[in-house]
Amino acid sequence: MGGPYKRKKYHEGDVHLKRRWRLKRRTKDLDQIDSDLGEDKAPKLLEQKIDYDKAGLGQFYCVHCSKDFIDTHAFKDHVKSKVHKRRLHALKTEPYTIEEAERAAGMGSYVKPGKRKMETLIPAAVLAEETLADVKKRAKLDQDLQDKIDAEAKLAEEKSVDDEEDVDDEGDVDDEGDVNM
C-alpha cells in the first residue's frame, strides 16, 4: 500500500558550497596560458626565483597547466598524465581573436584557425634532476651569499660616509667654490 517514497533533499541549499568547490581548483584559462607561452614570459616562468609560499619553492612549474609541483618526480608524473596531454592538445589551436569573431559574424571571409606544434616546456630544476632538498640547499646558499653581499655593501657605504666626513673636516668650501682654512 505505500507507494514510491519521496527522496530526501539534503543538499538542496548547498549552491554556495558547490560554487566554492567548483572554483577551488580553477586554473588559468587557455588564452591566459597562451600569453604565458610567449617568448618573453616562458623562460621567466621556467626559471623563477625561489618562493617559499609555493609548492616546490616555485621551481617545478608546468607552464601549460599553470601548476606548481613539489619535486621532479611529481612533475614527470604530471607530464605523463592525461590531464597534461589534454591541455597540450587544447593549446595546439590558436586562441580566438577579435578579427576572427568579426569574420564569423559576417564581416569578412572566414579563415580556419591555425594549428601549432606544442611541446612540453621543462623547468631548469627538472632538467638538473634536482630534488626538493637540493632546491632548499641552493636557496640557503643563495640567501647566505646575498647576506654576505649586503654586509659588504653596508661596510663600503659606511666607509665612504667616513671618507666624506674627513674631506669636510679638512676645509670648508663656500658658495663661490673657495676653500676657507
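Hydrogens, waters and symmetry mates are skipped; everything else that's a heavy atom, side chains included, is used.
- Closest of all the heavy-atom pairs between Gly56 and Leu132 is CA-CD1, 3.7 Å.
- The salt bridge (Lys or Arg N to Asp or Glu O under 4.0 Å) analysis of residues 118-128, with sequence neighbours excluded, yields the pairs Lys117-Glu119.
- Scanning all heavy atoms of the two residues, the minimum distance from Leu121 to Phe75 falls at O-CZ, 4.0 Å.
- Listed by first and then second residue, the salt bridge (Lys or Arg N to Asp or Glu O under 4.0 Å) pairs involving residues 73-83 are Lys76-Glu129 (not counting sequence neighbours).
- Partners of Arg138 according to the salt bridge (charged side-chain N to carboxylate O under 4.0 Å, His left out) rule, which considers only residues two or more places apart in sequence or in another chain, are Glu130.
- Interatomic distance, CZ of Phe60 versus OG1 of Thr72, reported as 4.0 Å (0.5 Å rounding).
- Counting non-hydrogen atoms of other residues, nucleotides and ligands closer than 6.0 Å to CD1 of Ile98 gives a total of 12 or fewer.
- Within the structure, ring-ring contact (aromatic ring centres under 6.0 Å, His included) pairs that include any residue of residues 76-101 comprise His64-His84, Phe69-His78, His78-His84 (at least two apart or interchain).
- For the salt bridge (charged side-chain N to carboxylate O under 4.0 Å, His left out) test, no residue two or more places apart in sequence or in another chain qualifies with Arg86.
- Here CG of Asp51 is found 12.0 Å from OH of Tyr61. Values are rounded to the nearest 0.5 Å.
- Remark: the backbone N or O of Asp29 is paired with a side-chain donor or acceptor of Gln32 at under 3.5 angstrom.
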Can you give me every donor-acceptor pair (side chain of residues 40-48, partner residue at least two apart or in another chain, under 3.5 Å) with its distance?
| unit_1 | atom_1 | unit_2 | atom_2 | d |
| --- | --- | --- | --- | --- |
| Gln48 | OE1 | Lys54 | NZ | 3.2 |
| Gln48 | NE2 | Leu45 | O | 3.1 |

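- With sequence neighbours excluded, the residues forming a side chain to side chain contact (heavy atoms under 4.5 Å, CB included) with Gln143 are Asp147, listed by chain and number.
- Distance check, rounded to the nearest 0.5 Å: CD1 of Ile70 to OG1 of Thr131 gives 11.0 Å.
- Contacts of Asp142 classified as side chain to side chain donor-acceptor pair (under 3.5 Å), with partners at least two apart in sequence or in another chain: none.
- Under the salt bridge (charged side-chain N to carboxylate O under 4.0 Å, His left out) criterion, Glu39 pairs with no residue at all, not counting sequence neighbours.
- Rounding to the nearest 0.5 Å places NZ of Lys92 at 9.0 Å from CE of Met118.
- Every residue two or more places apart in sequence or in another chain that forms a salt bridge (charged side-chain N to carboxylate O under 4.0 Å, His left out) with Asp34 is listed here: Arg116.
- Every residue meeting the side chain to side chain contact (heavy atoms under 4.5 Å, CB included) condition with Ala55, not counting sequence neighbours, appears here in chain and number order: Asp68.
- Shown here are the side chain to side chain contact (heavy atoms under 4.5 Å, CB included) partners of Arg22, two or more places apart in sequence or in another chain: Arg19.
- Scanning both residues, Val63 and Ile33, for their nearest heavy atoms gives O-CG2, 3.6 Å.
- Between Ile50 and Ala139 the shortest heavy-atom distance is CD1-CB, 3.3 Å.
- Cluster membership check: Leu141 does not share its hydrophobic cluster with Tyr52, using side-chain heavy-atom separations under 4.5 Å among Ile, Leu, Val, Met, Phe, Trp and Tyr.
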